[in-house]
Engineer: 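Let me give you the structure first, and then I'll get to my questions.
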Amino acid sequence: MSGIQEDDRSTPDAGVRPPVPTGWFVASVVVLLIAGGVTAAAYDGLPAMIPTHWGITGPDVYSAKTPWTVAMPIAISGLVLAGLFAVSFVNRTMPVRPLPAAEPEVGAARTARLRAALSSFFGRVMFAVTLLTSWSSVLGWVAPDAGWLTSVFPIAVVILIVGILVAFWVRWRQLTRADGDTPAPRSSDEADHWKAGFLYVDPADRSLFVPKRLGVGWTVNFGHPGGIAIGILLLAVIGALIAFGLTAGN
C-alpha cells in the first residue's frame with residue numbers, strides 16, 4: 001500500500017522503543033567490580049603519597065593517601081557508567097516522532113532501527129570508558145612506575161572509541177539510506193513552527209524530538225517541557241564556559 005503519510009504531530013514515536021544495552025552495562029559493572037577489588041586489596045600496601053596523575057614518562061603528580069583519593073577513579077567511573085546507562089533509558093522512553101516516509105510503516109521501522117543503533121552505541125561507549133578508567137586506576141596501584149603502560153593503553157582505548165564512532169556513523173548512514181523510500185511532503189502549517197528556519201517550537205506537539213527540517217535525524221522541540229529544559233541547560237553550560245574563560249583570562 002502506498003500513499004502519503006499524515007503529519008500527525010500529536011502522536012509521537014508510534015510505540016517505537018529501542019532496547020536498553022543491559023549486556024554492555026553488566027560487562028562494565030563486572031570490570032568496575034574487579035578494579036574495585038584490586039584497589040581495596042592494594043590499599044594497605046600503598047605509600048603515604050600516591051600518584052594521582054601520570055604523564056608519558058610516569059607519575060608526575062602525587063597526593064596524600066586517603067580512601068577517597070584511592071577510590072576516586074573508580075567512583076568517577078561508576079558515575080559516568082550510571083550516567084550513560086541512564087541516557088540509554090532516556091533514548092528508550094523519550095517521545096520521538098518517526099522519520100517522514102511515503103509509507104508510514106517504513107518511517108516507523110527505520111526510526112526503530114536508528115534508535116536501536118544509538119542504544120548499542122551507548123553500550124559500547126560505556127564499556128570502553130569503564131575499561132579505560134578501571135585500567136588506569138588498577139595500574140596506578142600495582143605498577144605506578146610503568147609509564148609506558150599508562151600511556152599506551154589509554155591511546156588504544158581512544159582508538160577503540162574512535163572505531164566505535166566510525167562504525168556507528170557508517171551504520172547510521174546505511175540505515176538512513178535503507179529501503180529506497182522518499183520522505184513524505186510535510187504539512188504546510190508546520191513551517192510556522194520553525195523559528196529562524198532551524199529551531200522547532202510547537203507546544204502542542206507531544207514529541208520531544210522531531211525530524212530535522214534539513215538533513216537526516218532529529219532535532220529538539222523547544223516547545224516541549226523537556227525541550228525547554230534542554231535549552232536552559234545548554235544556555236547554562238555556554239554561560240558557564242564563557243564565565244570560566246573570562247575568569248581564566250583575568
Engineer: Atom CG in Leu131, atom CE in Met126: separation rounded to 0.5 Å?
Structural biologist: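 Going from the CG atom of Leu131 to the CE atom of Met126 covers 14.0 Å.
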
Engineer: Could you walk me through whether Val20 and Phe89 pass the side chain to side chain contact (heavy atoms under 4.5 Å, CB included) check?
Structural biologist: CA-CA 6 Å; Val20 175; Phe89 273 98; 3.9 Å; yes

Engineer: How long is the straight-line distance from OG1 of Thr39 back to CD1 of Ile74, given to the nearest 0.5 Å?
Structural biologist: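 It is 4.5 Å, given to the nearest 0.5 Å.
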
Engineer: As an exercise, state the distance from OG1 of Thr69 to NZ of Lys65, rounded to the nearest 0.5 Å.
Structural biologist: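 So the gap between those two atoms works out to 9.0 Å.
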
Engineer: Evaluate the side-chain proximity of Thr219 to Trp194: yes if any heavy-atom separation is below 4.5 Å, no if none is.
Structural biologist: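 In contact.
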
Engineer: Among pairs that include at least one residue of residues 73-86, which meet side-chain hydrogen bond (donor to acceptor under 3.5 Å, both in side chains), considering only residues two or more places apart or in two chains?
Structural biologist: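 Those involving residues 73-86 are Ser77-Thr133.
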
Engineer: With a 4.5 Å cut-off on side-chain heavy atoms, are Asp205 and Tyr200 touching?
Structural biologist: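 Counting from C-beta outward, Tyr200 and Asp205 do come under 4.5 Å.
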
Engineer: Any link between Val170 and Val162 through a network of hydrophobic side chains (Ile, Leu, Val, Met, Phe, Trp, Tyr) touching at under 4.5 Å?
Structural biologist: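 In one cluster with Val170: Val162, yes.
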
Engineer: Answer yes or no: is there a donor N or O on one side and an acceptor on the other, between the side chain of Asp202 and the main chain of His193, under 3.5 Å?
Structural biologist: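 Answer holds: no.
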
Engineer: So do Ser134 and Leu32 actually touch side chain to side chain, heavy atoms under 4.5 Å?
Structural biologist: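 A side-chain contact under 4.5 Å exists here.
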
Engineer: Should Ile164 and Phe121 count as side-chain neighbours, where that means a heavy-atom distance under 4.5 Å?
Structural biologist: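 Result yes, sub-4.5 Å side-chain heavy-atom pair found.
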
Engineer: For the side chain of Ser207 and the backbone of Val210, is there at least one donor-acceptor N/O pair under 3.5 Å apart?
Structural biologist: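 Checking the backbone N and O of Val210 against the side chain of Ser207, no donor-acceptor pair under 3.5 Å is found.
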
Engineer: Nearest 0.5 Å, what's the CZ-NE2 distance between Phe209 and His224?
Structural biologist: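 Result: 9.5 Å between the selected atoms.
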
Engineer: Grouping I, L, V, M, F, W and Y whenever their side-chain heavy atoms are under 4.5 Å apart, do Val80 and Trp68 come out in a common cluster?
Structural biologist: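 Linked within one cluster.
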
Engineer: Looking at side-chain heavy atoms only, is the closest gap between Leu118 and Phe168 below 4.5 Å?
Structural biologist: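 Of all side-chain heavy-atom pairs linking Phe168 with Leu118, at least one is under 4.5 Å.
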
Engineer: How many angstroms lie between CG in Asn221 and CD1 in Ile230, if you round to the nearest 0.5 Å?
Structural biologist: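 Those atoms lie 10.0 Å apart.
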
Engineer: Measuring from atom CG of Leu132 to atom CD1 of Ile161, what distance do you get when rounded to the nearest 0.5 angstrom?
Structural biologist: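 The CG atom of Leu132 sits 6.5 Å away from the CD1 atom of Ile161.
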
Engineer: For the pair Ser88 (side chain) and Phe85 (backbone), establish whether a donor and an acceptor sit closer than 3.5 Å, ignoring hydrogens and angles.
Structural biologist: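 Between the backbone of Phe85 and the side chain of Ser88 there is a qualifying donor-acceptor contact (under 3.5 Å).
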
Engineer: For residues Phe122 and Val125, determine if any side-chain heavy atom of one lies less than 4.5 Å from a side-chain heavy atom of the other.
Structural biologist: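 No. Closest side-chain heavy atoms not under 4.5 Å.
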
